[in-house]
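Beneath this line is the structure, given in structure tokens, with notes to follow.
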Amino acid sequence: MSHDSTEPTRTTEASADKKGNETLPAASSGNFIRDIIDEDLRTGKYAGRVATRFPPEPNGYLHIGHAKAVCLNFGIARDYPGGTCNLRFDDTNPTKEEVEYVDSIMEDIRWLGFDWEDRLYYASDYFEQMYRYAIDLIQKGKAYVCELSPDQIREHRGTLTQPGKPSPYRDRPIEENLDLFRRMRAGEFEEGSMVLRAKIDMAAANLNLRDPIMYRIVKASHHRTGDAWCIYPMYDWAHGLEDSIERITHSLCTLEFEDHRPLYDWFLVELGVYRPQQIEFARLALTYTVMSKRKLLQLVQQGLVNGWDDPRMPTLAGLRRRGYTPEAIRDFCDRIGLAKANSVVDVELLEHCLRDDLNRRAPRAMAVLNPLRVIITNYPEGQVEWLTAENNPEDAGMGSRQIPFSRVLYIEQEDFREDPPKKFFRLFPGGEIRLKHAYYITCQNVVKDPDSGRIVELHCTYDPQSRGGWTSDGRKVKGTSHWVSAAHALKAKVRLYDRLFVVPNPGEERDFLQDINPRSLEVLNDCLVEPGLAHVEPSSYYQFLRQGYFCADPVDSRPGAPVFNRTVSLKDTWAKIERAQR
RNA sequence: UGGGGCGUAGCCAAGUGGUAAGGCACCGGGUUUUGGUCCCGGCAUCCGUGGGUUCGAGUCCUACCGCCCCAGCCA
């Protein structure tokens with residue numbers, strides 16, 4: 001991550017235009033949080049400091065919603081002079097957290113393109129300090145040990161419209177609280193037998209202020225502190241402290257923490273310590289997917305997907321394996337904006353960002369997913385021509401490659417129709433199309449299996465004058481198909497992924513599992529790809545001409561036996577026309 | 001019926017009293033050896049609703065309506 005101190009306060013990211021001719025300042029309009037930071041800088045509120053943090057709990061994998069927060073926090077640190085962004089694991093609940101998750105979170109943030117440099121922190125590093133703060137509050141008469149059962153605590157809390165009742169332990173002498181709390185730490189009491197509570201206001205309209213729990217007894221070993229502790233701080237007690245200890249200036253979090261803010265402030269004011277400014281924003285929701293960790297965990301645990309990195313998952317690990325690029329995800333996070341209104345972003349915007357990035361960068365290749373055999377009857381047997389194919393029409397710098405052409409080829413089954421519908425300008429009996437980078441061919445005969453009536457192969461003739469896919473007579477050939485040479489093609493497995501859910505808002509009408517798309521994965525085992533794809537790098541991406549963007553699966557692909565995941569299809573105008581014709 | 005938020009196009013989202021940016025989606029048209037890309041054009045007389053202030057209101061006041069969050073020893 002760069003911290004260019006000459007950068008202006010506001011984002012003025014340069015971006016190349018589509019043709020890469022020149023760089024123009026991006027129309028980055030900032031957002032209400034950057035407005036607040038600008039104002040704080042102007043008034044000198046934090047002496048010119050801008051310090052943010054990304055504070056995940058290591059209890060699951062990061063998803064695209066987290067990417068929004070990562071880009072926000074690290075993006076601010078990147079754009080403001082001297083700005084910093086800490087990575088801090090909020091590991092206050094040992095029963096749900098695992099090192100597998102901390103490792104994956106770090107990997108995902110790095111992959112997204114951000115760097116916390118030497119600022120890696122853990123809430124658990126502050127346990128001793130938090131404990132001392134708690135002692136301090138007890139000594140000030142602002143916290144007490146409560147022996148009510150969980151049920152009783154709930155009853156005493158009251159309801160949304162009725163005030164709570166004070167705990168009978170609320171006015172315990174300070175010395176007794178101190179003694180009990182020390183013994184809680186020493187492990188003298190059972191789980192659930194007592195908690196430390198802040199003494200605030202049982203009648204507060206904001207339920208968070210009705211003597212919230214600060215510590216509970218949990219006799220579980222922690223992934224970092226082991227068995228050093230048997231009392232663990234609650235999030236509400238810990239979180240503001242963590243931000244305070246790290247001297248964060250702007251604590252950015254999601255909307256649901258808005259009415260926790262008065263509590264964080266109460267703790268910090270009572271303690272008399274540094275107080276960051278919390279600003280809330282709306283979390284990201286996307287159509288056709290789910291984002292809650294609980295639901296994602298359920299999909300994984302019930303085997304409805306193949307792990308956290310299943311290419312259908314909205315996790316960063318899943319998107320990465322699917323073939324998404326960090327650039328596309330960052331662009332998406334820039335484009336969705338930032339506000340306080342709850343919203344659901346169309347997944348099409350994400351897909352647009354992906355296509356936009358991949359269109360510029362993905363090398364083109366030809367792959368026939370559902371092969372249909374074609375014999376070029378007037379092409380000499382045994383002859384092979386190596387034809388030149390550009391690697392990317394968007395970028396001449398990516399060069400070209402040679403592809404073999406011969407008498408027996410395969411084209412896409414979809415590219416031939418015996419009875420062509422209106423506007424179908426692909427191959428049909430008597431029709432002529434161009435084979436990309438090769439020749440014009442005309443369909444002369446359709447060979448069918450006598451029993452099933454299934455089309456077995458096509459007999460076509462080619463025009464030797466059309467080498468390269470062009471003739472000088474000005475003849476119009478509208479359709480262009482991709483193809484492979486039968487003798488040279490390489491067999492490949494291709495996995496076609498579709499949306500995991502069939503409705504825009506899974507779970508809205510019924511249990512979200514009922515909304516799962518039963519056809520979210522289609523595996524094609526007998527695809528034929530051009531020979532150059534024999535030794536693709538794991539995770540490398542390609543545009544399979546006229547079909548979509550695909551990447552070599554990092555886990556299952558083998559030299560000579562590639563496995564490709566469809567990242568996203570190309571936009572398909574023909575499919576739209578066909579749909580409209582019905 | 002308590003508290004905290006939020007309502008600008010199908011979906012996001014600018015807009016901070018001077019006459020509704022931009023993107024996605026969608027619909028036309030052009031270019032094209034990818035029905036891709038690219039290019040051009042269209043797409044809110046109106047900003048949840050009613051009233052008020054003002055020469056002038058999406059922006060201010062007011063009343064109402066709708067949606068989201070909060071009663072874990074989760075975060």
Side-chain angles (χ1 to χ4, degrees), chain A residues 18-19 27 29-31 35 55-57 59 90 92-93 95-97 146 148-150 153-155 157-164 191-197 204-210 213-218 232 234-236 238-239 254-262 280 282 284 287 293-294 334-353 355-356 359-360 364 366 389-390 393-394 423-426 434-438 440 466 468-470 477-482 504 543-548 569-578:
Chain A
K18 300 294 183 222
K19 300 212 161 44
S29 57
N31 56 55
D35 290 344
E57 183 192 15
N59 68 342
D90 213 331
T92 56
N93 185 353
T95 66
K96 292 187 176 174
E97 297 151 8
C146 178
L148 253 22
S149 71
I153 286 183
R154 185 175 353 99
E155 286 161 19
R157 187 150 35 220
T159 68
L160 295 180
T161 51
Q162 296 165 309
E191 277 190 25
S193 62
M194 56 182 72
V195 293
L196 183 71
R197 294 227 252 168
N206 181 345
L207 306 222
N208 295 124
L209 266 18
R210 318 244 261 228
I213 294 169
M214 297 162 62
Y215 278 95
R216 75 285 214 188
I217 298 170
V218 179
Y232 290 91
M234 295 287 291
Y235 176 87
D236 277 347
H239 197 81
T254 43
L255 257 26
E256 68 270 27
F257 295 106
E258 204 145 16
D259 34 58
H260 293 239
R261 183 170 8 108
E280 307 84 8
L284 171 69
T287 55
K293 282 193 194 174
R294 194 204 104 232
D334 281 345
R335 294 208 209 193
I336 52 178
L338 189 73
K340 295 193 70 161
N342 284 313
S343 61
V344 182
V345 176
D346 266 345
V347 74
E348 270 120 350
L349 178 58
L350 214 210
E351 292 174 344
H352 167 83
C353 293
R355 291 190 183 105
D356 192 43
N359 176 50
R360 272 190 294 263
R364 313 287 125 125
M366 294 204 282
E390 64 191 348
E394 303 293 322
K423 292 186 182 172
F424 182 86
F425 47 82
R426 275 117 99 146
R434 168 172 39 243
L435 293 181
K436 181 81 176 174
H437 304 307
Y440 291 174
S466 63
W470 175 88
V477 173
K478 193 141 193 215
T480 301
S481 284
H482 55 280
Q543 183 199 95
F544 287 172
L545 238 46
R546 306 205 304 133
Q547 301 190 111
S569 65
L570 249 31
K571 290 217 284 188
D572 191 347
T573 304
W574 169 239
K576 205 178 285 180
I577 293 170
E578 251 193 328

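Atoms considered below: every heavy atom in the structure, side chains included; atoms not considered: hydrogens, waters and symmetry mates. Here is how names work: the chains are called A, B, and so on, in the same order as the sequence lines, proteins then strands, and each is numbered from 1. Treat the numbers as computed from the prediction; the structure is a model and nothing was measured.
Residue Ile217(A) is out of contact with every strand shown, counting any heavy-atom pair closer than 4.0 Å. Contacts of His239(A) with the nucleic acid, taken as non-hydrogen atoms under 4.0 Å apart, are absent. Among the heavy atoms of the strands, none lies under 4.0 Å from Leu284(A). No contact: Met194(A) has no heavy atom under 4.0 Å from any strand. Among the heavy atoms of the strands lying under 4.0 Å from Pro393(A) is at least one base atom, whether or not backbone atoms are also near. When heavy atoms are screened at a 4.0 angstrom cut-off, Phe424(A) is found touching base atoms of the nucleic acid. At the heavy-atom level, Tyr215(A) lies nowhere under 4.0 Å from the strands shown. Base contact: Asn359(A) has a heavy atom under 4.0 Å from a base atom. Base contact: Arg426(A) has a heavy atom under 4.0 Å from a base atom. Nucleic acid contact for Val345(A): sugar-phosphate only, since backbone atoms but no base atoms lie under 4.0 Å from a heavy atom of the residue. At a threshold of 4.0 angstrom between heavy atoms, the contacts of Glu280(A) with the nucleic acid are absent.
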Contact string for nucleotides 66-71 of chain B, one letter per nucleotide 5' to 3', B = base within protein heavy-atom range under 4.0 Å, S = sugar-phosphate only, - = neither, reads --SBBB
Assign a letter to each nucleotide of nucleotides 24-29 of chain B from its 5' end: B, base within under 4.0 Å of a protein heavy atom; S, sugar-phosphate only; -, no contact.
SSSS--
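G7(B) has its base anti relative to the sugar, with a glycosidic angle deviating from 0 by more than 90°.
Counting heavy atoms of neighbouring residues, nucleotides and ligands inside a 6.0 Å radius, atom NZ of Lys478(A) does not exceed 12 of them.
The side chain of Thr92(A) places an N or O atom within less than 4.0 Å of a non-bridging phosphate oxygen (OP1 or OP2) of A75(B). One finds a side-chain N or O of Arg216(A) lying less than 4.0 angstrom from the OP1 or OP2 phosphate oxygen of A75(B).
In terms of position on RNA chain B, the residue among Leu338(A) and Thr161(A) whose nearest nucleotide sits closer to the 5' end is Thr161(A). Residue order along RNA chain B, read from the 5' end via each residue's closest nucleotide, puts Ile336(A) first among Ile336(A) and Phe544(A).
Between the P atoms of C61(B) and G7(B), the separation comes to 15 Å (whole Å). Here, A9(B) and C46(B) have their P atoms 13 Å apart, quoted to the whole Å. One P atom belongs to U31(B), the other to A25(B), and the distance between them is 23 Å to the nearest Å. For the P atoms, the distance linking G58(B) with G52(B) amounts to 15 Å, nearest Å. Separation of the C1' atoms belonging to A63(B) and C27(B) is 41 Å when rounded to the nearest angstrom.
Note: CG (Asn59(A)) to P (A75(B)) measures 9 Å, nearest angstrom. Taking atom CZ of residue Arg294(A) and atom P of nucleotide C74(B), one finds them 17 Å apart after rounding to whole Å. Counting to the nearest Å, the C1' atom of U37(B) and the CG atom of Leu570(A) are 9 Å from each other.
Side-chain contact between Arg261(A) and Glu280(A) is present, with heavy atoms from C-beta onward closer than 4.5 Å. Side-chain contact between Ser193(A) and Ile217(A) is present, with heavy atoms from C-beta onward closer than 4.5 Å.
Here Lys436(A) contributes atom NZ and His482(A) contributes atom NE2; the two are 12.0 Å apart, rounded to the nearest 0.5 Å.
Aromatic ring pairs are classed by plane angle as parallel below 30°, tilted from 30° to 60° and perpendicular above 60°; the pair Phe257(A) and Tyr235(A) is tilted.
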Structure string for RNA chain B in dot-bracket form, Watson-Crick and G-U at under 3.5 Å, | interchain
.(((((((.[[[..)..(...]]].(((((.......))))).....[[[[[..)....]]]]])))))).....
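Checking C12(B), A75(B), U37(B) against the side-chain heavy atoms of Val344(A) singles out C12(B) as nearest.
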